[in-house]
Every structure is written in structure tokens, then in C-alpha cells.
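Just so it is clear, the structure is predicted and the values come from calculations on it, not from any experiment.
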Amino acid sequence: MQIVLTGGTGYIGSALVRRLAATGHDVTALVRNEEAAGKVRKHGADAAVGDAFDVAWTAERFAAADAVVHLAATGGPDTERLDRAVVAAAVQALGGTGRPYVHTSGVWLYGDNADIAEDSPLRPPALTAWRLPVEASVLDADLAATVVTPGIVYGAGGGIPAGVLLPGRDEAGRVRLVGDGGQHWTTIHVDDAAALYALIATRGEALGRLLAVSGASPTVREIAEAAAGPGGVVAEPVEASRERFGPLFADALLLDQQASGDKARSLGWAPQRPALLDELRAG
């Protein structure tokens, strides 16, 4: 298949490029510059250098694809504008064709919930509330669309556990929790996430919302303790966490979430990589 994707140099995107290329697919990654182009080429993809905010340019690249996967994010407030531009390009290029479009969401949209399923109420924190109308436009369009909702992604030295939680040690060397650490994070290894994206793109079906989670939902305290070593961990007041991370990000990190991912398993997918706690304990 000819698969076109955005975000090919990102955390999940680079793992997906490697997987698709290794399994014989022709992959084209839309990238911003030649430096990014060099990175995706090393992973076996072709690169198209341009501006994904340009709907006409992006739609022209999407039109050549058998499937499109959107994983790009700017890391700033203009991610919403990017998503809207990419969705508009997908509708223009793929609308009515039956060729699949795979859009990326995030599990925080479900808010506090101890048993998240795809049809659970959407109660996003302020940080991600903008996603709701964008994703509604995807699901309401004449697209063979799947909105993939990854949990907290980890593995290969990246993700929120490695990049946000574990470096936050206090003067005594203890890992500072987010709040008291009693909240659960529903998790998925980056390689398992890439495998699920690849499966969805190549199946060519409209699956609606689809959770990308392993079924393991440890508490933040358990995550920190698995990696803390002799330094141990220490709780902090919620307001201290909000000051440390900023209120919008902290409120998302404080969400208490658990999910099984049964719908993804019904497609024949299953996590293959070590669970987060096992990976952390193994060092």
C-alpha cells in the first residue's frame, strides 16, 4: 500500500514509519524541512517537504495515498489549527473514496473514568477540549475514518513517564509525584501503538473511535516507585503540581483513568511489549 502520514519524525510516527517500511509498504512522510526529511528516509520512507498548514498542498499529497495517517502535532496552541488544516485536506482528497483516514486523539478526552470505553462520555480537561469539535468534523465527514485515542505512551526512552514524571526529583533525590500519585494512567508501549496504527491503516475500514491502550493502568505512585531506586518518591499538594507543570497540563496529568482496550483486541491486535512497570523495573 501507498501510505502517507504526518508526524513521521515524532514519537509514535517514527515507530510507525519503521514498521510500515519493514513490512513492505510504500511510505511518504510529510515533513517541514530537509533535516526532518533525512530522518524519515533513514527509516525507509520517502519524504515530501512542505507546509501541512497549506490545505491544497497537503490534499495533493493525500490524494496519491491508499491510506492516510495523521500523527503530527506542533507542541503548541497551533496544533488545533494544524489538525483543522489536515482534516480539511483529508476531506478534499479522500472524501467519498472509501480510502481510510486515521486521525490521532488522546485519552485525556474522557476525563476521570475508571472504565473507559470508546462510547464513554467525553469530558476533556481544558488542555484538550479543543479536540472535540475537530474530531466531530472527522467523524461526521464522508470519510472512512478512525480516530485513534492513545493512552499514556511509553518506551524507547520517551513519553510522559520518562520525560515528565521521572526527571522531577526533589533535593533529596526523591521522584516527585503528581499530586498524591493515586491516580491511574492507562498506558501503551510506543511499538504496540505503532502496530495498532499499521493494522488500522491497512484494514481500510471506518472504525470510529478506537482506544489504543494495553489494558495496564498503574497508578502514578506505582510508576514512580518502579523507577525511583533508593531515592524513593514523595507526594506533593495538587497546587504544587499545578505550579510546577502549569495548571492546564497538571490537571490533565491528575486525571484518574483506566481502560481495557477490548475493541482493539477484537481486531486481532494485542500488546507485545513489556508493561510499563515491568520495563521500569528492568531498568
Determine, step by step, whether Arg32 and Asp51 satisfy the side chain to side chain contact (heavy atoms under 4.5 Å, CB included) criterion, reporting the C-alpha distance in whole Å, the side-chain angles of both residues, the deciding distance to 0.1 Å, and the verdict. CA-CA 6 Å; Arg32 291 172 293 179; Asp51 182 3; over 6 Å; no
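The backbone N or O of Pro124 lies less than 3.5 Å from no partner atom in the side chain of Thr128, so there is not a single donor-acceptor pair. When atom types are taken as modelled, the side chain of Asp192 and the backbone of Arg273 share a donor-acceptor pair closer than 3.5 angstrom.
No continuous path of ILVMFWY side-chain contacts below 4.5 Å connects Val134 to Leu132, so the two sit in separate hydrophobic clusters. Note on Ile223: it clusters hydrophobically with Val238, by side-chain heavy-atom contacts below 4.5 Å among ILVMFWY residues. At a threshold of 4.5 Å between side-chain heavy atoms, the hydrophobic network of Ile, Leu, Val, Met, Phe, Trp and Tyr places Val153 and Leu211 in two separate groups.
With values rounded to the nearest 0.5 angstrom, Tyr11 atom OH is found 14.0 Å from Leu16 atom CG. The line from OG of Ser214 to CD of Gln272 is 12.0 Å long, rounded to the nearest 0.5 Å.
No side-chain donor from either of Thr219 and His184 sits under 3.5 Å from a side-chain acceptor of the other. Judged by distance alone, the side chains of Thr74 and Thr79 do bring a donor and an acceptor atom under 3.5 Å apart.
Using a 4.0 Å cut-off between charged side-chain N and carboxylate O, Arg244 and Glu236 make a salt bridge. Classification of Asp83 and Arg131 as a salt-bridged pair holds, one side-chain N sitting under 4.0 Å from a carboxylate O. With respect to the salt-bridge test (charged N to carboxylate O, under 4.0 angstrom), the residues Arg41 and Asp46 do not qualify. Residues Asp170 and Arg176 are not paired through a salt bridge, judged by the lack of any N-O separation under 4.0 Å between the basic side chain and the carboxylate.
At least one test fails for Arg123 against the ring of Tyr110: distance under 6.0 Å to the centre or angle within 45° of the axis.
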